[in-house]
Asker: 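To start, I am sharing the structure in question, which I have written as C-alpha cells.
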Amino acid sequence: MSDPTEANGTAGAEEAAEPAPTAGGGAGQRHVRVVLVDDHRMFRTGVQAEIGQTEQTGVEVVGEAADVDQAVTVITATRPEVVLLDVHLPGGGGVEVLRRCAALMADAEQPVRFLALSVSDAAEDVIGVIRGGARGYVTKTITGTDLVDSIFRVQEGDAVFSPRLAGFVLDAFASTDAPPVDEDLDRLTQREREVLRLIARGYAYKEIAKQLYISVKTVESHVSAVLRKLQLSNRHELTRWATARRLV
Amino acid sequence: MPEAATAAAPLDEPRPPRKLYRSSDGRWLGGVARGLAGHLGLPVIWVRLVFVGLFMADGLGALLYAAFWFFVPLGVGGVEAQKPPSLVTTETSSDGRKRLVARKPDKGQIVALLLMVVVAMVFVGNVNLGGGAQAYLLPTVLVGAGVALVWRQADNARRARWVEVGRRKRTLTLLRAVAGVLLVTAGVTGVFVLQGSAAHLGSVLQAALAVLVGITLLAGPYLVRMTQDLSEERLMRIRAQERAEVAAHVHDSVLHTLTLIQRNADNAGEVRRLARAQERDLRTWLYKPEGTGKDEADEPTTLADAVRRNAAEVEDKHGVPIEVVVVGDCPLDERIGAQMQAAREAMVNAAKYGGEGGAVQVYAEVEGKTVFVSVRDRGPGFDLDSIPADRMGVRESIIGRMERNGGTARLRAVPDGGTEVELEMERAEKTS
C-alpha cells in the first residue's frame, strides 16, 4: 500500500490533505464509470465539471438522465459502476429508479451501485433511498474531492454515510424500548454506534480508525453492517420513528 | 375558573359591531326569535310571543318569520358568534328560558312543533277568508310546514360545517328531508285536488310525478356537476392559498438574496454567508414539520431548536458554515441552557479561529439523561496550556460554565488538525 492513490477507503482522506492528484502514476488505476441522474441540468453540468475530468479524478461520466424513465434506459444501456442518484425526480423519485434497477443492483458479475445525492433534508427521503438499496447518501454541499472519494468507496462496495445520515440512523435506532423483532438486525452494536456517532461528528474514516484504535477496514465493515441493517431490518422502530416525526 | 372568566368577558370587552344572525343554539324553529332577542337584548320569550301574536293577525307573523329565516344568515351561538356552544350554560339570566332548551334541543323542538300545530289549528279555526279560499288553508299550512322542515335541514347542513355532528344524525336528517318533501307534496296535491274534483286525483298525481321525474332528469346532472365543481373549486382555492403563502415568503427572500449576491459577487465571504442564510431559511420552510421553528421570534424551548438557532446566529455573524446534526431532543432546563451557552461560545471560537479549514461541525445527542454536544473545527488547533492565564474566554465561558452547572467540558486537538470541544451535561432531575 505504498501508493496513496490506490483505490481504497483511505485514499480520499489523503486527497483532502493534498491538492487533487494531477495525472499521477496511480491515477490510471483508479477508474470508475458513472451515470448522473438529476433533473436539474445546471447541477448536472456543475457535477460533471467538478468530477468528470477523467484524467485527473478517474471518474468518467458515461451518461446523464433527468427523470426516472430516462434514468432506467441510460443505466441499462451503459451499465455504469456507480449511479449518482438524485432523491427528487419526476416520475416517481429516486426510489422508483432503485426499484426498477433492482436486477442490475443484484447482478453478481458487475453490479450497478447507487449513491444518493440530494439537497433534501427530509429524513423520509434519505431513509427511503437507503432502504431502496442505495449504498450511501451524501448531500449536495459535499466538496468535489469528497464526492470523488465517495464514488470510489461505493464502487468498492462500501457504504457512505454523511454526518447527517449518520444522525438520522442514530436517531432511528435510538431508544429501543420495544423488543426488536430480530435481535441481530434490529439493534446496532456498541461499536457501530460509536462509529456512527463519530461520522455524525464529522470524522473521516481514517480519523475514526485512529480515535477507536481500529483499522480503516474495520471502520468500513462497521459502516457496511449498519447499512445492511438499515436496508434489511424489519424495523418497526423505523416506522415508529417516522411516525413520531409525522413522516408517514 | 375558566368559566367565570368567559362569562365575564363579554361584559368587559368592547363588543364588535353587532350584526343580526339567527341563532343555531337552543332554537325552536329557525332561530329567528333567538337571534333577534340576542340582537335587541330582549328576553327571547318576548320575541316569541310577539311572533305568535302577529301570526294571529292573518298570518303576518308567519310571513315575517319566513322572511327573516330566508334572508338572515345562521350564526353559531346567536349574536356572540364566537362563543362555542358548550358555554351556553353560562349565559345571563335574561336568557334563562333559552338555556333550558339549549341543553335538550330535541324536547324543545317537539314542544315547539306541538305548540305550532295548536296555534295553527286555532288560526285555521278563527280565520275567515270567505267561501272558496278557506278550503285552501290546510294545504297551504301543510306546504308551509314542509318548507320549514326542509329549510331547517339546510341550516343544519350549514351548521355541520362549524360543529361536528354525530353520525347517528344522518338518518334523522334524511327522515326530516323526506318528511318535508312529503308534507309539501301533500299540500300541493291538496291544492290541485281542490281545484279539480277528487276524481282527477290520480291523473294529477301522475302528471306531477312525470314533471318531477322530467325535471330531475334534466336538471339532475347539472346539479350534481355543480356541487362537485363547487367543492373542487374550494379545494383548489385552499391549495392556491397555501401555494401563495409559500411563494410569497420564498420568492421574496430568494429574490432578495439573489440580488444581494449579484451585488456582492466579488466578495466571496459575503456571498457564501448570504447563500447559507437563504439555504437555512428555505430548509426550515420546506422540511420542518408544521408549526415548529417557523417563527423566528419565539425563544427556543427544546435542545434541537436551541442548537440550530445558536448555530445559525454564529454562522450569520462569522460567515463560517456550521453543519448541525442533532440526535434526539429534550426540553431545555437550566443546566441545558448553560450548556447551550457554552456550546455557543465554542461555536464562536471554532468559527473565529478554525473556520478556514472548512465547515464547523456541531453534533448534539440526547441519550437518556445525558446531553452531549461536540463542536469541531478543522483549523490549526490550539493548546489550552499555551494560552496565557489571563485570557479567560475558554476557561470561564466554556469550561467554567459547564463545571459550575455540574457538567464537564473537554477540549482536545484532533489528530489531523482542528479542535474539538466536548460538552457533557446531565439533565435536571425534574424533567425526566
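Order of the sequence lines fixes the chain letters, A, B, ..., with proteins taken first and strands second; residue numbering starts at 1 for each chain.
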Asker: Can A:T218 and A:S215 be counted as having a side-chain donor-acceptor contact under 3.5 angstrom?
Answerer: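 Short answer, yes.
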Asker: Under a plain distance cut-off of 3.5 Å, with no hydrogens placed, do B:Y363 and B:E365 share a side-chain donor-acceptor pair?
Answerer: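 Indeed, the side chains of B:E365 and B:Y363 share at least one donor-acceptor pair under 3.5 Å.
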Asker: Go through the structure and list residues passing salt bridge (Lys or Arg N to Asp or Glu O under 4.0 Å) with B:E426, not counting sequence neighbours.
Answerer: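 By the salt bridge (Lys or Arg N to Asp or Glu O under 4.0 Å) rule, B:E426 matches no residue at all.
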Asker: Please flag which part of B:V366 lies under 4.5 Å from any non-hydrogen atom of chain A: side chain, backbone, both or neither.
Answerer: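 For B:V366, there is no contact with chain A at all, as no heavy atom is under 4.5 Å.
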Asker: Ignoring hydrogens and geometry beyond distance, is a side-chain donor-acceptor pair present between B:S374 and B:E420 at under 3.5 Å?
Answerer: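 Per modelled atom types, B:S374 and B:E420 side chains form a pair under 3.5 Å.
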Asker: Name the region of B:V327, side chain, backbone, both or neither, that has any atom closer than 4.5 Å to a heavy atom of chain A.
Answerer: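 For B:V327, the contact with chain A is made by backbone and side chain together.
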Asker: Does any heavy atom of chain A fall under 4.5 Å from the side chain of B:V324, the backbone, both, or neither of them?
Answerer: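 Contact with chain A involves the backbone of B:V324 alone.
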